[in-house]
2 protein chains.
Amino acid sequence: MSAMTLAPIDSDGTDAAASPTLGPPPKPRERLVPSLHDEVLARLRDFIVEGNLAAGARVPERLLCERFGISRTPLREALKVLASEGLIELLPNRGARVRRIDERELVDLFDVMGGLEALAGRLACERVTEEDFAEIERLHHAMYGHYLRRDLHGYFACNQAIHDRIVEAAGNAALRATYAGFAGRLRRVRYSANLDADRDRWGEAMREHEEILDALRRRAGAELADILFRHLRNKRRAAADREAQISE
Amino acid sequence: MSAMTLAPIDSDGTDAAASPTLGPPPKPRERLVPSLHDEVLARLRDFIVEGNLAAGARVPERLLCERFGISRTPLREALKVLASEGLIELLPNRGARVRRIDERELVDLFDVMGGLEALAGRLACERVTEEDFAEIERLHHAMYGHYLRRDLHGYFACNQAIHDRIVEAAGNAALRATYAGFAGRLRRVRYSANLDADRDRWGEAMREHEEILDALRRRAGAELADILFRHLRNKRRAAADREAQISE
DNA sequence: TCAGGCAATTTTGAATGCAATTTTGACGCG
DNA sequence: CGCGTCAAAATTGCATTCAAAATTGCCTGA
């Protein structure tokens, strides 16, 4: 093959950093046009995550194009991205299908979530500020209140918020993005850890959260990482038990 | 907007599992045609990872199309995927650029790698077989041999192999894929942890590997996770020091 | 009645075309 | 000589088109 005609292309020197001297119009036009592609991608992802397409079902290109009012090109681009995210699978010449998540894969995903939360906890111990901690502590107590009142909805909201805050406190963009990605994949399966029917697990979860807060207070990174991983493990196990309980 | 004309689409019942009754042609034509898209995606990824495009440089659509002998459509699809992988960034109406990885992001990526390795270690302790362990032990001793002989290349190869085996032993597909993704992103920056110039770090790394093997032997999950995370941290720190040393 | 085969239709994968935006470069002015 | 303006050229985003593959439906023959 011919020589690398464009082998080492040099940077054009344009820096991603703001260069105010270059911008005559002071208007910071960032994302003025959110680009159809991104919008379609987000919409299609939501469409699937929200369960509008059954697991294993074909993803009907034509229909979705009409639905979103676009041509096939941007839709197909979005499909490739969703496939790389693991939400759908592309069968050569046979279209896209919503990926079916079997029990084994669910366990795998939960474990990775656990690993990411463990990492978040470890990093959070290094970087969390007093304000961050105070906010998490506040959420923790609010959650405890919901627990006492048996307010499942409020409890879940606080629980979610706490875990999100920990990830946030880790101050790691790559971690945040990866965490969000896995959370999205898991959101599709409703692992209804319906604690209402499992008071024991609820109490256990609450105790684990006490440990989490305590480890974070002491900035005990490795310890917090361990607790968080096991916390997710228990959560998954409870969900699995509940699943089995329903199906029997 | 109108009613969800295609709201709950049902599965077509076709199972991903082999359905021999449905397949008249017994030929298992899986991936006979690797689909241009996948090929282009892999080639483009390699092209960028191997440093043919400088960080921050524009990704010239037209030129790459000619280079790969394809039209813009599959190339653009690949670009979207690479953008979702974080390898490039897409600026609306202004094309794709190779993402510039600054010091901060490098630290973030290393930490996530550390978190993933920690998870791999923890899971490996749960699932590793005696054969798996024996293989890792063998690699460890081989690595020690390279260390004694100051064979940097052989040392690196074994080192890499050990970490890969641990991830493999974790038996978690999602983890493996995520790990591979981050490894790819990091491969672009040559964090030449040139141990040859840093004998202390090399010795330290070797001692850490002794701990790793020991924890794995005892199936001490939480402990191994902790060691692996710190191992990556130290590796990063050594690379950063070396970087600073070079630039001064 | 039902299995098998063939042709029409549908669907996918990729190329091409076209409007809109950006970039480039020349020109005029201070 | 430097700076702003504006038009030409290039590039991007998306729609449309086209060929190849798969799916569907129909028909035939046992």
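So you know, we letter chains A, B, ... as the sequences are listed, proteins then strands, and number each from 1. Because only heavy atoms are used, hydrogens play no part in the values below, and waters and symmetry mates are left out as well, while side chains stay in.
- Here C/dT12 presents its C1' atom at 14 Å from CD1 of A/I88, a figure rounded to the nearest Å.
- Heavy atoms from other residues, nucleotides or ligands lying under 6.0 Å from CZ of B/R62 number 12 at most.
- We find that CG of A/L91 is positioned 17 Å from P of D/dA21, with the value rounded to whole Å.
- Distances shown here put a side-chain N or O of B/R94 below 4.0 Å from the OP1 or OP2 atom of C/dT23.
- The distance from atom NE2 of A/H37 to atom P of C/dA20 is 22 Å, rounded to the nearest whole Å.
- Taking a 4.0 Å limit (strictly below) on heavy-atom distances, residues 70-79 of chain B reaches DNA chain D at B/R72, B/R76.
- For the side-chain hydrogen bond (donor to acceptor under 3.5 Å, both in side chains) with B/E117, the lone residue among B/H231, B/H163, B/R122 that qualifies is B/H163.
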CA sep, side-chain torsions, deciding dist, call: A/D111, A/R236, salt bridge (charged side-chain N to carboxylate O under 4.0 Å, His left out): CA-CA 9 Å; A/D111 273 351; A/R236 186 252 293 170; 3.6 Å; yes

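- If you take CZ of A/R58 and P of D/dA21, they are 17 Å apart, rounded to a whole angstrom.
- Here D/dG13 presents its C1' atom at 11 Å from CG of B/L90, a figure rounded to the nearest Å.
- Distance, B/E66 CD to D/dT11 P: 10 Å, rounded to whole Å.
- Per the geometry, CD belonging to A/E39 stands 14 Å off C1' belonging to D/dC14, to the nearest Å.
- Comparing D/dA22, C/dT22, D/dT11 by their closest approach to the side chain of B/N93 singles out C/dT22.
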